[in-house]
Amino acid sequence: MRKLGLLAPTVVGCALLFSCGAEELASTQGGALQVTPYDVTRNQIAVGGELLALVPVASVHLDRVEAALGPDRALLCVVRHGEEGGATLQLLEAGRTPRVLLRTDPSSSLSRPAWSPEGDRFALVLERPPRFVDSAAGPRLQHQGEVLVGTREGRFARRGTLADVARVLGWDGSDALLLARYAPGDLPSELAARLELGSDRAETIALPGPLYDLGLDGGRLTYLRSAGPVVTLPAPTQQVALASAGLDGAGERLLVEGEGLWPRRLSVEGTQLRYRLEGSGEERMAELDAPRAAPRVAPARGPLAATPTLPPLPGLAPLLASLPMPYVHQVYDTPNDFAGYWACGPTSTLMAVQHFNRLPAWPVTVNIPSKHTSDYGAYVAYKYTAFGTTFNRMQTDSQGKAAYGAYGWCTDGGGGWAWRMQDYAKKHQLSSDFASSSSFSAVKNAIDAGKVVVLSTQLTSAGHIITVKGYTSDGKLIVNDPYGNKTLGTYPNYKGGDTVYSWSYVSAKWHITVYGTVTKTDPEYKASLESKSFPQAMVAGTTAKAEVVYKNLGTASWNGNTRLGTTEPRDRASAFASADWIGPSRPAAASNIKGSTATFAFTLTAPKVSAEKQFKECFNLVQEQKAWFSEKDQGGPSDTALCVTITVTPAPVDADGDGVAQDKDCDDSDPARHPGATEICNGKDDNCDGAVDEGLSCNPEPPPPPPASPDAGTPPTPAPTPHSPSGGEDMSGGCSLAESPAPAATFPLLCLLAALAARRRRR
């Protein structure tokens, strides 16, 4: 029984803030309205930079809002409720109280409405949960939706018999609707159709396919068509065209054509269509009246287009739950000979399986984006046997090459199928349930029960599957996105592990849960401390050597990314960091790896202190970009197993800067005097050994005799010394060097006077 939720008019908290003129109204047809967060509990609806309305929501992280502006300034808003599911249709009219016209049950939703040319009616799709239908390849999903035509008074009628309608593209006059229909498939492409309201007869509009992102722009159908199916985004060599055609499918014109690009329509500006290349964010223009042949373009790699400035939203709320699992990128972690562009479903399911440790590491070297080792990517593409099943079913990848493993088991024709993904999990001795509709509450309850959620989303218009491992308190998901982080602009990228997406952003469709008991396995990273060498005391500014030896007890080999890191808390900047450290929190990497042991050697530099101080330094092993050895799913040791206490004393005073402390220097005001200095003849204790000029002969040599004077005649006879008497006379008072410390300049004169006095006495 259908539950449409027909209600009497209900007051809501929306506010119509701006009235558009006729020219502005015409420009909004075809989806030019912009719906963006205004603050945490309100979305803003704007056109041409002008604010039209503020729509209250439970949270912009949970609820998704879509809107359509009518020809008489009326605004229809669809609010898709993220917490429990379901949707509400609200009508805002100038001069009237806003009303709720329709509310669905939690398992259903509503598409964006489309106003009739007269503005007295509108059409939208009541979206139903998908159902399984039989096919030659097994049960596949058929997404469902039925057309409703409503009035401003809240009267609705189902029109036509189609049960697979995705959305209403627009009106063809007053009596026909142009529709996008779901093709069969878990990540479906689209079909174009026309529904006559008078007869409720529907007919398919013939267009070359597969088709994606159907729209109605400038009176023509616009669409993406590709060579083969597209999952997430096209493979780099996959041919894609943005094209337009008449409402009957005739007169196709190629607007943009190239390999690996994915243009998304934004707005119509005159005769031009503005579009953005998804995966790069670059915006471009295409002429709607272009001839059939279109220029070939390549997907650009540029910055995202500027977005309106909005009040800042709160950051990441407290993490309430998270399930550990390895991250595997569907392109960058899978083997070099496998093109993983269609492998989001298999890769996401493999990550879910690995939360339960069902498969051992299977290292494979991958060369993109740079050369590295992937422990689990081989399971996506290669044959293997586990739990009695050989995963040898073959499917071709996006380049037509044979692939096996999770990809061969989970896909058909390139797309991941829900029942195949469930079967893959079950073959690894796990359980799996299917949910045809998703809500934040349902995902949260599954995570709380220890179940991993593999979620089908509309992160791209072709559909994309991710692994949900946790959630926050404000409606955000913690995910492993196998294609990267969609919010970073360029997509794919290698930042998909532990990515944070709001529920409203992912636009979820269906999900499977994977659950069971976690297999107890030997941890990858486990070690025992064999020896350590640290100083117990240091003087500020001095250095000392430290060394730690660990034994590897885990299953993973150690390499240059096996490092000693600071703990208590982790990644703390150490006060003893030295120039030979990898970083302030990383003293050293494993070296001298011999068998199962490795050495971590480094230098400690004592910090400056004003008084004696004790420092407690704690360290532990960490495998960079993988795990700390002390994490709960690893084997230790703990973060406090290696803690040392080092006493640091202040550096002694050295006032003269001669390198000798004040308490060991005999003169701390003279840098030339200190222990170890060279003693010189200066009457000082230069080397601080308590003696002056020791070991030196500091008396000068006798001077040479004075030159002869021209007036003196015969030079006088030198006076005899006391030990060499002349004539038996005592020559005391004679010139003696030892007894005459007279200055050198007066010495000759004194000797001359002494000689003359002696001669007079002899007379």
Side-chain angles (χ1 to χ4, degrees), residues 529-549 563-569 571-592 599-620 642-703 737-738 741-744:
L529 178 62
E530 299 295 292
S531 66
K532 64 179 180 179
S533 174
F534 284 86
Q536 295 181 344
M538 297 181 70
V539 176
T542 62
T543 61
K545 296 296 184 180
E547 183 179 280
V548 184
V549 177
R563 296 174 179 177
L564 195 65
T566 57
T567 59
E568 298 299 293
D571 299 319
R572 165 187 52 81
S574 173
F576 291 82
S578 298
D580 63 348
W581 287 33
I582 299 170
S585 63
R586 295 291 186 272
S591 63
N592 195 26
T599 301
F600 300 80
F602 51 98
T603 303
L604 299 171
T605 299
K608 292 182 179 180
V609 294
S610 58
E612 183 177 297
K613 183 178 179 180
Q614 287 189 335
F615 290 84
K616 184 178 181 180
E617 289 286 312
C618 296
F619 305 92
N620 199 6
L642 175 57
C643 291
V644 296
T645 299
I646 303 174
T647 301
V648 179
T649 55
V653 176
D654 180 17
D656 57 8
D658 59 7
V660 179
Q662 188 178 57
D663 59 343
K664 292 182 174 60
D665 199 339
C666 55
D667 186 353
D668 206 31
S669 64
D670 186 353
R673 299 182 63 200
H674 57 81
T678 301
E679 191 76 18
I680 61 175
C681 289
N682 59 3
K684 299 179 181 181
D685 182 9
D686 298 299
N687 59 10
C688 298
D689 64 350
V692 176
D693 298 345
E694 70 276 11
L696 300 175
S697 177
C698 293
N699 293 328
E701 293 293 330
L737 180 64

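What you are looking at is a predicted structure, and each value in this text was computed from that prediction instead of being measured.
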Straight-line distance of [X] [atom1] to [Y] [atom2], nearest 0.5 Å:
X      : Y      : atom1 : atom2 : value
His674 : Asn687 : NE2   : CG    : 9.5 Å
Leu604 : Thr543 : CG    : OG1   : 9.0 Å
Ser574 : Phe619 : OG    : CZ    : 5.0 Å
Leu642 : Glu568 : CG    : CD    : 11.5 Å

task = Provide the full list of side chain to side chain donor-acceptor pair (under 3.5 Å) pairs with a residue in residues 529-539, sequence neighbours left out, each pair given once.
result =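 Counting only pairs at least two positions apart or across chains, the side chain to side chain donor-acceptor pair (under 3.5 Å) contacts touching residues 529-539 are Ser528-Glu530.
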query = Distance-only, no hydrogens or angles: does the Ser591 side chain make a donor-acceptor pair with backbone N or O of Thr599 under 3.5 Å?
reply =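 Side chain of Ser591 to backbone of Thr599: a pair is present.
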inquiry  = Taking Ile680's backbone N and O only, do any of them form a donor-acceptor pair with Asp686's side chain (distance below 3.5 Å, no angle check)?
reply    =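 Yes; judged by distance alone, with no hydrogens or angles, the pair exists.
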[X] and [Y]: which non-hydrogen atoms are nearest, and at how many Å?
X      : Y      : value
Val539 : Val648 : C-CG1, 4.4 Å
Pro535 : Ile646 : O-CG1, 3.4 Å
Ala540 : Val609 : CB-N, 4.0 Å

Enumerate donor-acceptor pairs with a distance under 3.5 Å from any side-chain N or O in residues 578-590 to protein atoms, sequence neighbours excluded.
unit_1 : atom_1 : unit_2 : atom_2 : d
Ser578 : OG     : Phe576 : O      : 3.4
Ser578 : OG     : Thr603 : O      : 2.9
Ser578 : OG     : Thr605 : N      : 3.1
Ser578 : OG     : Thr605 : OG1    : 2.6
Asp580 : OD2    : Thr603 : N      : 3.2
Asp580 : OD2    : Thr603 : OG1    : 2.8
Trp581 : NE1    : Thr603 : O      : 2.6
Arg586 : NE     : Glu624 : OE2    : 2.6
Arg586 : NH1    : Asp571 : OD1    : 2.8
Arg586 : NH2    : Asp571 : OD1    : 2.8

Pair listing, salt bridge (charged side-chain N to carboxylate O under 4.0 Å, His left out) test, anchored in residues 671-684, at least two apart =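 Residue pairs passing salt bridge (charged side-chain N to carboxylate O under 4.0 Å, His left out), neighbours aside: Asp667-Arg673.
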